[in-house]
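As structure tokens, the structure follows; a few thoughts come after it.
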Amino acid sequence: MEKFEIIKEKIDLLGDKLSNLPSKPGIYQFKDKNGKVIYVGKSKNLRNRVRSYFQTGKPQDAKTNAMIRHIFDFEIIIVDSEIEAFLLEDNLIKSLKPKYNIMLRDDKSYPYVRVTNEEFPRIFPTRKLIKDGSKYFGPFTDVRSIKQLIRSIRTIFQLRSCDLKLTENAISRGKFKVCLDYHIHKCQGPCEGHISRNDYINNVQSAIHVLSGKTREIEKILEDEMYLLSEKMEFEKAAVVRNKLQALRDFSSRQKVVFTDFIDRDIFGFAKNDSYACSIVLKVREGKLLGKRHYIIKNAELYSEDEIIAKTIEKWYLETDFIPAELLVPCEFDQLEYITDWLGKRRGKTLSIQIPKIGEKKKIIDMANANAEYTLKDYLLKLNRKDQVISKILLSLQRDLRLAKIPKVIECFDNSHLQGTDIVSSMVCFENGKPKKSAYRKFKAKEINQNDDFGVMRETVYRRYKRLKEENSDLPDLIVIDGGKGQLNAAIEALKELELFDKIQIIGLAKRLEEIFIPDKSESILLPRTSSSLKLIQQIRDEAHRFAITFHRKLREKRTITTELVNVKGIGKQTALKLLEVFGSIANILNANENELLKYINKQKIESIKKHFQSVDNNNLILN
């Protein structure tokens, strides 16, 4: 279908909604025919932005044209400001993972430096961000450098490394004693009151300046303090300050100087290789390179350089609190004015976004691009090595199980229930030896309402592949059934009924001896415990078991919390749960032998249950 016809079709479909769009800032979400969100965007003017996708004369890239084909509906959320729009868009993209949005990923997690929100703050590295008023600096890509930074800061400003809950009240009561750090002059002993809270907080503030890259200001303060103490003839105190100043200068001298004008800048770089790209940000504070952060983009062929740079800028400043005076970027990008306004409001001052073409700043952009290119090559090398290892394991699995083709996509099934109640099944999917969680599925038994493991397995497998067959979707290369011959045969029956048995490879894995059962083979296969093939199958089976158990527990907890048992006088949630675990249902509890019930509750509670449910039954309430 030609572009003009597609857009005309969409206008016919969405015309009323498009004509009623408000000229206000907000978020828009495009949806496909199944109601799934495929793209999330933001705009200062929702009316102009959303309608621009459906203008026949406007040129669109291949990705946008492909997306427009799949738009069948949209929703908007009106917000009050650009900041709200950026935050809401980021949260929606993280939670919904729309197909056509750029996904900036880290190939690993990075640590931050945390300054705690305490009376006597601590400074330490962490990967966990807690919203309790603490300040965070980073992220830092080099773990070794962050440890060195923390050591330097603690040495220069003699901050505590302990995790004592220091308060002025506790210190005045003599609750704590100084440790070795005090005696070797690495801490000034706030725990025993050897330094006042105000002086300690001043040291922490100085450390924060260093973490922010503001060493010149602290150097000047320490230098003035040293000279003042010297003039007062307080030479010992002056010597302590001198040592701090020297340590700070030594630390500062190790940082790479890239500018001599002492302006704070962030420099963005970019590199692309087929379906992968890498964007990078170099942090320059007071002219010195403090660190870098990179993002990996998959399916990069769908996106232009300017789209990726714009999204990198957004993501970076949603993660970090500090916004410098100047940003250097390698290319122009959409919504430049929008992003400039947003960052300016957050900063409280104007800022400059520049695209240098010549001179010193262009050389720095080239350096950022070179860093992005190296990082991308390193990532692809590691990825290639991982793929080679996985390929070897899959080839081993094919050989060991005598499969007709390599099992690149494996689906595994497991059942979970408790004495025939809350019967559920799980299906997990592994692609190229790695979990593909978006393809995981959960099933509640519909036809089976008793403890029939074979029947549940047959029903689940039938439902799964009946749907794939109806949707004409790709089938897995291998099915793994958690269980022995009985469960395997039940699954095979389902596949035969669907006329799929000859199209999918299937095995069963019995847990007791880790025996592998293959259709039409009387003898099981026992792989060595150290076999990479067995370890992969076990990993897949264990993941299916975990997924099933988690689903079953949620259902059980929900049922237990809402059960009529908790309304019986003297029966709490824990007792109700225990009774349901043992007897399976309220009906079974009421029909149980009194001696059996006495193992778990006393006579008084038994009478309370019977009396309660007599009245319940009289009112025609369902016993669950």
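The figures that follow rest on heavy atoms only: side chains count, while hydrogens, waters and symmetry mates do not.
Across every non-hydrogen atom of Asp264 and Arg285, the tightest pair is OD1-CA, 3.4 Å. Across all non-hydrogen atoms, the minimal contact from Phe86 to Lys42 is CE2-CE, 3.2 Å. Heavy-atom minimum distance, Met427 versus Cys429: CE-CB, 4.2 Å. Closest of all the heavy-atom pairs between Ile150 and Val113 is CD1-CG1, 3.7 Å. For the pair Glu411 and Pro476, the tightest heavy-atom approach, listed with the atom from each and the gap, is OE1-CG, 3.7 Å. Ile78 and Pro22 make their closest contact through CD1-CG, 3.7 Å (heavy atoms, listed as atom of the first residue, atom of the second, distance).
A salt bridge is absent between Lys311 and Glu307; no separation between the charged side-chain nitrogens and carboxylate oxygens falls under 4.0 Å. Using a 4.0 Å cut-off between charged nitrogen and carboxylate oxygen, Glu301 and Lys63 do not count as a salt-bridge pair. Ion pairing of Arg546 with Asp542 is absent here, as no side-chain N (NZ or NE/NH1/NH2) approaches a carboxylate O to less than 4.0 Å. Between Arg293 and Asp266 there is no salt bridge, since no side-chain N of the basic residue sits under 4.0 Å from a carboxylate O of the acidic one. Between Glu326 and Lys361, at least one side-chain nitrogen of the basic residue sits less than 4.0 Å from a carboxylate oxygen of the acidic one, meeting the salt-bridge criterion.
At distances below 3.5 Å, not a single donor-acceptor pair connects side-chain atoms of Arg154 with backbone N or O atoms of Cys187. In this structure, the side chain of Asp32 engages the main chain of Gly35 through a donor-acceptor pair within 3.5 Å. At distances below 3.5 Å, not a single donor-acceptor pair connects side-chain atoms of Lys99 with backbone N or O atoms of Tyr39. Looking at Lys292, its side chain never comes within 3.5 Å of a backbone N or O of Lys283 through a donor-acceptor pair. A donor-acceptor contact shorter than 3.5 Å is absent between the side chain of Asn34 and the backbone of Lys36. Panel note: side chain Ser275, backbone Asn299; no donor-acceptor pair is recorded below 3.5 Å. Remark: the backbone N or O of Ser19 is paired with a side-chain donor or acceptor of Arg47 at under 3.5 angstrom. In this structure, the side chain of Asn101 engages the main chain of Val40 through a donor-acceptor pair within 3.5 Å. Using modelled atom types, no side-chain atom of Arg49 and backbone atom of Tyr53 make a donor-acceptor pair closer than 3.5 Å. Put simply, the side chain of Arg51 gets close to the backbone of Leu18: a donor and an acceptor are under 3.5 Å apart.
You'll find the side chain of Leu376 reaches within 4.5 Å of the side chain of Tyr276, heavy atoms only. Two residues are said to be in side-chain contact when any heavy atoms from C-beta on lie closer than 4.5 Å; Cys278 and Ile297 fail this criterion. Proximity of Val329 to Gln354: side-chain heavy atoms (C-beta onward) are nowhere separated by under 4.5 Å. Contact of the Arg122 side chain with the Arg160 side chain is registered, since non-hydrogen atoms from C-beta on lie closer than 4.5 Å. Between Leu327 and Leu343 the shortest side-chain heavy-atom distance falls below 4.5 Å. Taking the side chain as every heavy atom from C-beta outward, Pro330 and Ile355 never approach each other to under 4.5 Å. Leu46 places none of its side-chain heavy atoms less than 4.5 Å from the side chain of Pro25. Annotation: side chain of Met67 is in contact with side chain of Ile38 (closest heavy-atom distance under 4.5 Å).
The environment of NZ in Lys17 is crowded: more than 12 heavy-atom neighbours from other residues, nucleotides or ligands sit within 6.0 Å. Shown here is Lys135, whose NZ atom has no more than 12 heavy atoms of other residues, nucleotides or ligands within 6.0 Å. Other residues, nucleotides and ligands contribute only 12 or fewer heavy atoms inside 6.0 Å of the CZ atom of Arg467. Within a 6.0 Å sphere centred on CD1 of Ile358, heavy atoms belonging to other residues, nucleotides or ligands number 12 at most.
In this structure, CD1 on Ile123 lies 6.0 Å from CD1 on Ile208, to the nearest 0.5 angstrom. With rounding to the nearest 0.5 angstrom, the CG atom of Leu383 is 11.0 Å from the CG atom of Asp378. Rounding to the nearest 0.5 angstrom, the gap separating the NZ atom in Lys345 from the CG atom in Leu351 is 13.0 Å.
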Next item on the list: Determine, stepwise, if the pair Ile93 / Ile102 fulfils side chain to side chain contact (heavy atoms under 4.5 Å, CB included).
Entry: CA-CA 9 Å; Ile93 290 172; Ile102 300 173; over 6 Å; no

Checklist line | Asp306 and Ser304: CA distance, side-chain angles, deciding distance, side chain to side chain donor-acceptor pair (under 3.5 Å) verdict | finding: CA-CA 6 Å; Asp306 59 289; Ser304 61; 2.7 Å; yes

Check: Where do Glu168 and Glu119 land on the side chain to side chain contact (heavy atoms under 4.5 Å, CB included) test, with the steps shown first?
Finding: CA-CA 8 Å; Glu168 289 188 290; Glu119 285 190 35; 3.6 Å; yes

Next item on the list: Walk me through it: do Leu14 and Ile71 pass the test side chain to side chain contact (heavy atoms under 4.5 Å, CB included)?
Entry: CA-CA 9 Å; Leu14 305 170; Ile71 297 172; 4.0 Å; yes

Next item on the list: Decide yes or no on side chain to side chain contact (heavy atoms under 4.5 Å, CB included) for Gln29 and Phe74, but give the supporting numbers first.
Entry: CA-CA 5 Å; Gln29 302 174 64; Phe74 68 84; over 6 Å; no

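There is a side-chain donor-acceptor pair under 3.5 Å between Ser134 and Arg114.
With Phe72 as the aromatic partner, Lys31 does not meet the cation-pi criteria of under 6.0 angstrom to the ring centre and within 45 degrees of the ring axis.
Aromatic pair Phe30/Tyr100: ring centres not closer than 6.0 Å. Ring centroid separation for the pair Tyr200 and Phe120 comes in under the 6.0 Å cut-off. Ring centers of Phe270 and Phe268: at least 6.0 Å apart, outside the cut-off.
Of the residues Ile339, Thr340, Asp341, the one that meets the side-chain contact (heavy atoms from CB on, under 4.5 Å) test with Glu337 is Asp341.
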Could you list the donor-acceptor pairs under 3.5 angstrom formed between side-chain atoms of residues 432-443 and any protein atom two or more places apart in sequence or on another chain?
| from | atom 1 | to | atom 2 | distance (Å) |
| --- | --- | --- | --- | --- |
| Lys436 | NZ | Glu431 | OE1 | 3.2 |
| Tyr440 | OH | Glu543 | OE2 | 2.9 |
| Arg441 | NH1 | Ser438 | O | 3.2 |
| Arg441 | NH1 | Ala439 | O | 3.4 |

